Amino acid sequence: MAITVDRQDPRYPTLRRSRNLRLPPSEADFASRIDLCESASDVAAALQKIVSAGLRPTIRSGGHCYEDFVVNNPGGAILDLSLLKEAHLQQDGARYCVSAGKQLGEVYLDLFKRYGVTIPAGTCYAVCAGGHVIGGGYGLLSRLHGLTFDWLSAVDILTVDGNGKVTLRHVDKEHDPDLFRACRGAGGGNFGVITAFYFDKLPPAPQEVVQAGLSFDWSTMTEDRFVSILTTYGNYWETRGKDPDTYGLFAILDIAHSANRRLGISLQFCNPDGTCRDLSVVNEFLGLFSSCNPSPGAPAPAGERAIAHSSVTGEACKGQYDVRRHLWLDATIAGGGAEGSGRAKYKSSYMKNNFSTDEAKCIYRHMTYDVPGVDLRGFFLAIDSYGGAVNRSRLAEETSIWQRSSIMKLQFQSYWSNEEDDAGRLKWIKDFYADLYSNSKVDSRYAATPYPGAHYEGCYINYPDSDMLAYSFWPQLYYGDQGLYPFLQNVKRRYDSNNVFHHAMSVRL
Amino acid sequence: MRWSRRAFVKGIGCVSVLGALNKAVASKASWLAQPEEIFGHDFAYIASTGDAGSSGIHVFEVQGDHWNLKQSISSRSPGSLVLHPNQQYLYIANDVDEYERLPRGTVEAYKIDADDGSLTLINRQPLSLSGIRPRHIAISPDSEHLVVAIHGGGAYNVLPIACDGSLGCATQILKEVGTGAHPVYQTCSHPHTVAFDATGQYFLATDEGCDRIGAFTFQNGEMVRALQVLALPASRPSHFAIHPDGTFVYVASAMDGSIDCYCLRTGTMEMKFESRVFANLKTSHEETHPLFISVSGRFLYAASADDGISAWEIDREDGKLAPIQHWKSTERSLRVLMMSPDSRCLFAVDSAQHAVLSIAVDPESGELGTAFTAARIRNARSLIVKYT
């Protein structure tokens with residue numbers, strides 16, 4: 001039986017909130033209660049109770065949603081799956097099961113210790129599988145092994161039929177294949193409540209990885225050098241980074257606003273066999289930046305997703321660069337990713353090609369522009385390497401992540417503490433984004449957005465940005481313009497015709 | 001010349017002589033009556049939809065044989081209208097599917113100028129997320145809450161009404177689920193009409209998406225489902241009218257144009273199907289048309305599929321309907337918008353001639369008589385008259 005935390009419960013003020021303290025926008029928007037579930041049967045019973053009472057359910061696993069899709073539920077109920085941590089059991093032969101409430105750190109530990117395998121997923125320990133996997137799920141091993149749900153074989157999902165009855169479905173390529181495809185990347189809160197993910201096969205966990213970092217001082221930065229850093233980085237992923245021997249290399253170029261001291265690159269690498277015997281790929285990559293005057297070994301600024309300990313811990317490797325060796329599990333668990341709460345705003349884009357000079361200059365301009373009264377120390381533009389095993393084109397048809405041609409994925413992140421800074425921060429990041437994507441590579445009809453085309457590949461639904469709702473074509477930004485969104489709408493009509501599961505950016509009927 | 005409501009209604013017969021509709025076909029003669037004393041101004045509020053420029057609320061001063069347009073204000077796709085019981089405020093539901101980039105409709109509150117009837121927007125309040133295309137609104141008898149039937153989102157919202165007439169954020173959201181037999185129109189819940197009973201302790205609601213008629217208790221601004229009755233499969237119950245004595249409820253079917261009679265016992269919260277007449281009601285996918293019962297409880301009126309109006313006599317014992325008259329005017333496409341409180345006049349929109357007609361009603365026989373054009377307006381969708 002679910003644990004119900006209502007307004008009278010002392011736990012309510014803590015459990016009702018988002019990690020992003022900016023959300024929901026007003027006190028009246030909070031849910032009236034939180035139902036904490038410890039088993040799949042708990043979830044089914046609680047969901048039935050919510051629906052029968054005429055309340056709106058929103059679903060939370062780890063609570064890391066970037067927008068208010070879960071916590072903005074006035075009078076409704078949050079179905080919290082964070083206690084749903086049923087043990088991994090090998091069922092039906094080689095099958096692995098991950099409960100929706102498992103934190104990624106727990107998943108890594110369990111899968112490694114029990115089976116020596118892993119999932120290619122995110123770097124934040126406390127992010128839970130539920131929201132992460134259904135929306136895409138990627139991380140430091142994704143260039144080597146693809147997206148998390150590329151490996152997915154089946155899910156257990158609770159749907160609500162047309163007459164309000166909660167139904168448990170085990171869906172895979174043979175059973176409700178349309179719903180299964182939708183569960184592979186369309187994002188959470190659309191079709192039902194996933195309680196468990198099944199994987200018939202998973203890749204072996206690497207034995208070891210190396211991590212390294214470079215940083216660059218803003219105090220000596222010039223526009224030309226900045227452009228050189230970005231285009232050198234982008235050129236690598238557009239060219240050499242497409243070779244399979246580089247797939248084990250994952251890097252993040254973290255550009256902090258110049259109000260910070262540095263910007264930098266962090267990386268993790270292992271060879272395709274899960275060892276670090278041959279570091280030539282790493283040395284080659286780091287060598288590309290020699291002319292950009294880096295500061296080896298100096299810590300890069302840490303955005304939420306940076307490989308934070310990339311150059312300060314671990315066993316030093318012999319060679320020209322400061323490269324540190326770690327056991328893979330240590331590196332994966334220790335990185336952790338930032339936790340805690342604050343005010344934040346995020347945006348995203350996929351890039352299919354290297355930065356143009358104009359794009360790099362635009363970023364430089366905004367990164368060095370001080371806005372009176374707006375403290376921009378908490379802004380980071382994380383430019384993740386992408387592609388590799390992710391870009392197996394056939395998976396675009398099997399899953400709901402259609403972006404299979406990109407070489408970089410950008411995440412715009414802004415963090416601050418005080419409500420009075422909201423307006424300035426939100427305007428700044430919105431203006432920056434609009435300026436960056438108002439260029440000759442974007443059709444004027446879609447100006448200010450990375451609309452899918454020759455250069456861009458839209459946005460990532462797990463980094464949702466409600467600003468995009470301003471555009472009538474927002475579904476095409478997230479789901480492309482090749483028929484995926486209509487497909488998802490049909491799935492919605494079939495499995496949730498009453499739109500029980502909805503939020504600001506859910507698939508619309 | 002200023003007319004009171006009664007004088008206005010009673011003057012219809014004279015107006016017809018002066019050039020009102022000469023094609024209106026009534027089975028019996030028109031009724032003439034004596035003018036009464038003059039009171040104050042009456043105002044009519046007509047919601048019209050259409051292009052961005054024509055969608056709005058139009059304020060008419062009711063003067064004798066015609067209505068004078070006094071004000072037109074823009075409003076997005078206004079639908080259902082309701083007057084605050086104190087007559088100082090008007091509320092409308094905006095039949096839209098998006099507001100401020102989110103999938104939700106809105107409701108608007110307007111202040112009515114006591115002298116000239118003009119409207120001033122007080123505020124606009126969004127409905128709950130996914131609550132698109134609100135279809136009907138009603139005010140609780142204590143005047144403190146507005147209840148909204150949200151067709152597109154399958155939900156009801158309750159919004160508080162402040163002393164200044166403004167609407168607060170929804171304090172209750174009731175999400176409905178359900179389907180019906182029709183594969184196109186009944187894939188999900190579609191609340192259609194809400195109305196409070198005379199006691200004010202509960203309200204009825206129809207759901208044309210899943211063939212349901214529900215009764216909800218309503219206390220302290222909170223609605224609680226008390227009763228749910230299934231209508232005939234695929235009948236799509238939509239508009240309804242509660243008999244003045246509270247005993248019978250007449251429900252229009254959006255599927256086949258029939259009218260179902262239900263016996264309602266509020267004491268035991270029972271509702272039972274009694275009878276059905278095939279009334280040939282005017283229906284369409286998008287919209288059905290309201291039913292009206294005379295204040296005497298003797299007659300019921302509805303728009304018919306052939307663009308006329310049918311009049312029915314109500315059997316006070318068993319609620320059964322018996323046809324009285326089928327009223328039709330050539331080259332006109334009519335649907336009833338409102339009945340005057342004294343039941344002496346029906347107001348109908350003529351979508352063919354872009355006019356609002358006033359049709360006299362014989363209080364004794366229930367028959368419709370002479371009609372005249374009260375106002376010229378395109379795409380009128382709903383109407384309410386504020387009487388002094």
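Treat the numbers as computed from the prediction; the structure is a model and nothing was measured. In what follows, every chain begins at residue 1, and chains take the letters A, B, ... in the order their sequences are listed.
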S.K.: If you round to the nearest 0.5 Å, how far is CG of A:Asn499 from CD1 of B:Ile132?
M.R.: 8.0 Å
S.K.: Can you tell which of A:Ala470, A:Ser506, A:Ser472 has the highest number of heavy-atom pairs within less than 4.5 Å of chain B?
M.R.: A:Ala470
S.K.: CD1 of A:Ile50 to NZ of B:Lys175: how many Å apart, nearest 0.5 Å?
M.R.: 14.0 Å
S.K.: Within the supplied structure, the quantity of interest is the number of heavy atoms (other residues, nucleotides, ligands) at a distance under 6.0 Å from A:Asp443 CG; does it exceed 12?
M.R.: yes
S.K.: Between A:Pro74, A:Gly162, A:Gly164, which shows the greatest number of heavy-atom pairs under 4.5 Å with chain B?
M.R.: A:Gly162
S.K.: Give the minimum heavy-atom separation between B:Arg225 and A:Ser52, together with the two atoms involved.
M.R.: NH1-O, 3.9 Å
S.K.: Less than 4.5 Å to any heavy atom of chain A: does that hold for the side chain of B:Glu98, its backbone, both, or neither?
M.R.: side chain
S.K.: For the residue pair B:Ser189 and A:Asn498, what are the closest heavy atoms and their distance?
M.R.: N-OD1, 2.8 Å
S.K.: If the test is side chain to side chain contact (heavy atoms under 4.5 Å, CB included), which one of A:Met505, A:His503, A:Arg508 qualifies with B:Pro103?
M.R.: A:Arg508
S.K.: More than 12 heavy atoms of other residues, nucleotides or ligands under 6.0 Å from CZ of A:Arg493: yes or no?
M.R.: yes
S.K.: Rounded to the nearest 0.5 Å, how far apart are NE2 of A:His502 and OG of B:Ser128?
M.R.: 6.5 Å
S.K.: Calculate, to the nearest 0.5 Å, the distance between atoms CD and OG belonging to B:Gln186 and A:Ser497 respectively.
M.R.: 11.5 Å
S.K.: Looking at every heavy atom in both A:Ser466 and B:Arg101, which two are closest together, and how far apart are they?
M.R.: O-NH1, 3.8 Å
S.K.: Got a second to check how far B:Ile173's CD1 is from A:Arg56's CZ, nearest 0.5 Å?
M.R.: 8.0 Å
S.K.: Taking all non-hydrogen atoms of both residues, which atom of B:Leu129 and which atom of A:Ala504 are closest, and how far apart?
M.R.: CD2-N, 3.5 Å
